[in-house]
Amino acid sequence: MKIGVITFPGTLDDVDAQRAVRVGGNEAVALWHGDHDLQGVDAVILPGGFSYGDYLRCGAISRFAPIMTEVIEGAQKGLPVLGICNGFQMLVESHLLPGGLLRNDHLKFICRDQKLRIENNSTAWTSAFTQNQEIVVPLKNGEGQYVADADTIKRLEDEGRVVARYLDVNPNGSVNDIAGITNEAGNVVGLMPHPEHAVETLTGSGLDGLGFFTSLAEKAFA
Amino acid sequence: MPRVVVDVMPKPEILDPQGKAVLGALPRLGFTGVTEVRQGKRFELEIPEITDDALAQIEKLAETFLANTVIENYVVRVEEPAQEKAK
């Protein structure tokens with residue numbers, strides 16, 4: 001499958017995400033924020049970084065990038081979209097996912113290997129995992145505190161839309177230890193930790209992130 | 001040139017870690033008696049002329065761009081020229 005990875009000004013993890021896509025057995029297509037063209041890809045990744053220097057709010061300016069018109073339209077029609085870290089922030093700013101992401105409650109940037117539980121393995125991006133599988137992937141953020149009003153949290157929990165939850169420690173004050181969520185249809189997933197940094201033994205964090213990049217193919221051939 | 005000010009504040013029910021950090025620093029600096037600090041943003045927009053159309057447009061850009069209404073509230077107001085003499 002062709003998976004597009006969009007580069008914005010200030011994106012950091014686009015090349016890692018492209019590599020993870022290839023390691024996962026898919027074709028990576030580099031997409032540019034300033035184009036109105038998804039080049040016919042089957043899915044899109046919004047990678048991590050500090051687009052527009054996090055000015056105004058994280059992801060707030062990128063959300064209005066030209067290519068986001070096509071991403072939002074596509075997502076509403078079922079195009080699989082994965083937003084990692086800054087990409088997750090873009091997805092909440094686009095209202096493709098509910099809630100918001102605030103400064104970590106302890107105000108410090110955090111960088112650690114984080115244990116997670118995959119609680120929804122029926123999304124386009126998590127079907128390669130077993131239900132409640134525990135994984136460890138890198139986490140690195142300054143504004144990763146997930147918040148939403150009580151009704152939204154209840155709906156996310158009741159509908160099984162919490163995709164990943166922090167285990168052992170809540171690194172940023174996120175409500176209910178939420179690390180990642182999905183939309184109603186399960187095609188859009190936002191995740192604060194970084195599975196794309198855990199796909200090869202060479203770089204030390206294990207292989208636990210790989211499932212996010214193999215799920216699409218598994219689903220297509222299932 | 002006429003100025004329109006947009007104040008953006010975190011919603012009351014949203015924890016404001018930055019405001020809390022500022023509050024925590026006050027006693028160390030010898031300032032007492034402050035019980036709450038909330039930190040927000042102020043945008044100053046200059047436009048050629050105050051018109052209903054211009055204000056409607058600023059209202060829209062505040063709602064869609066300057067503030068994220070999931071987590072923030074905003075207020076749009078026209079700044080009177082007399083207030084421009086800052087201390």
Side-chain angles (χ1 to χ4, degrees), chain A residues 51-66 68-69 72 86 88-110 141-156 170-176 178 181 183 190, chain B residues 3-31 34-47 53-79:
Chain A
S51 60
Y52 292 93
D54 279 349
Y55 293 169
L56 186 58
R57 292 176 305 281
C58 303
I61 299 179
S62 305
R63 174 255 174 277
F64 290 101
M68 288 304 288
T69 312
I72 292 168
N86 193 209
F88 186 8
Q89 293 161 340
M90 291 176 206
L91 291 174
V92 296
E93 284 287 340
S94 309
H95 304 296
L96 287 173
L97 292 174
L101 289 152
L102 302 181
R103 185 73 56 101
N104 296 346
D105 60 349
H106 48 71
L107 292 169
K108 295 184 193 75
F109 189 92
I110 190 149
N141 68 69
E143 309 208 12
Q145 179 183 180
Y146 182 76
V147 294
D149 61 68
D151 288 348
T152 303
I153 295 294
K154 186 173 184 317
R155 203 167 63 243
L156 288 173
N170 182 333
N172 46 33
S174 293
V175 179
N176 291 13
I178 290 173
I181 57 171
N183 63 344
Chain B
R3 178 180 285 171
V4 179
V5 173
V6 181
D7 288 314
V8 177
M9 292 298 293
K11 285 187 175 178
E13 67 271 25
I14 297 276
L15 181 79
D16 171 22
Q18 295 177 97
K20 237 173 80 182
V22 173
L23 178 67
L26 294 181
R28 288 202 300 279
L29 301 172
F31 297 105
V34 179
T35 55
E36 176 75 16
V37 176
R38 306 281 289 170
Q39 180 178 322
K41 299 189 189 94
R42 169 187 164 112
F43 299 86
E44 298 178 346
L45 287 70
E46 294 195 354
I47 55 175
D53 272 1
L55 287 177
Q57 203 183 322
I58 288 172
E59 176 74 23
K60 187 156 185 239
L61 81 87
E63 191 191 350
T64 55
F65 187 47
L66 299 184
N68 176 353
T69 54
V70 175
I71 51 175
E72 295 168 324
N73 292 328
Y74 67 91
V75 178
V76 177
R77 60 193 160 84
V78 177
E79 190 168 82

> After noting the C-alpha distance and the side-chain angles of B:K20 and A:D105, does the key distance pass the side chain to side chain contact (heavy atoms under 4.5 Å, CB included) rule?
Replying inline: CA-CA 10 Å; B:K20 237 173 80 182; A:D105 60 349; over 6 Å; no
> Does any heavy atom of chain B fall under 4.5 Å from the side chain of A:H106, the backbone, both, or neither of them?
Replying inline: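 Nothing of A:H106, per the 4.5 Å heavy-atom cut-off to chain B.
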>> Quick check on A:L107 against chain B: is it the side chain, the backbone, both or neither that has a heavy atom closer than 4.5 Å?
In response: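 Just its side chain gets close to chain B.
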>> Can you list everything that forms a ring-ring contact (aromatic ring centres under 6.0 Å, His included) with A:F64? Sequence neighbours excluded, please.
In response: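 A:F64 satisfies ring-ring contact (aromatic ring centres under 6.0 Å, His included) with B:F65 once adjacent residues are dropped.
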> To the nearest 0.5 Å, how far apart are CG in A:L102 and CG in B:L15?
Replying inline: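 Between A:L102 CG and B:L15 CG, I get 7.5 Å after rounding to 0.5 Å.
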>> Distance check, rounded to the nearest 0.5 Å: B:T69 atom OG1 versus A:H95 atom NE2?
In response: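 Output value for this atom pair is 5.5 Å.
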>> I need the contact set between residues 22-30 of chain B and chain A: heavy-atom distance under 4.5 Å, sorted by residue number.
In response: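 Hits under 4.5 Å: none found.
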> Using a heavy-atom distance cut-off of less than 4.5 Å, which residues of residues 145-154 of chain A contact chain B?
Replying inline: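 Within residues 145-154 of chain A, the residues under 4.5 Å from chain B are A:Q145, A:V147.
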> Is it the backbone or the side chain of B:E72 that comes under 4.5 Å from a heavy atom of chain A, or both, or neither?
Replying inline: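 The side chain, not the backbone.
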> Under the side chain to side chain contact (heavy atoms under 4.5 Å, CB included) test, which residues partner B:L61, sequence neighbours left out?
Replying inline: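 Once residues adjacent in sequence are excluded, the partners of B:L61 under the side chain to side chain contact (heavy atoms under 4.5 Å, CB included) criterion are B:L45, B:I58, B:L66.
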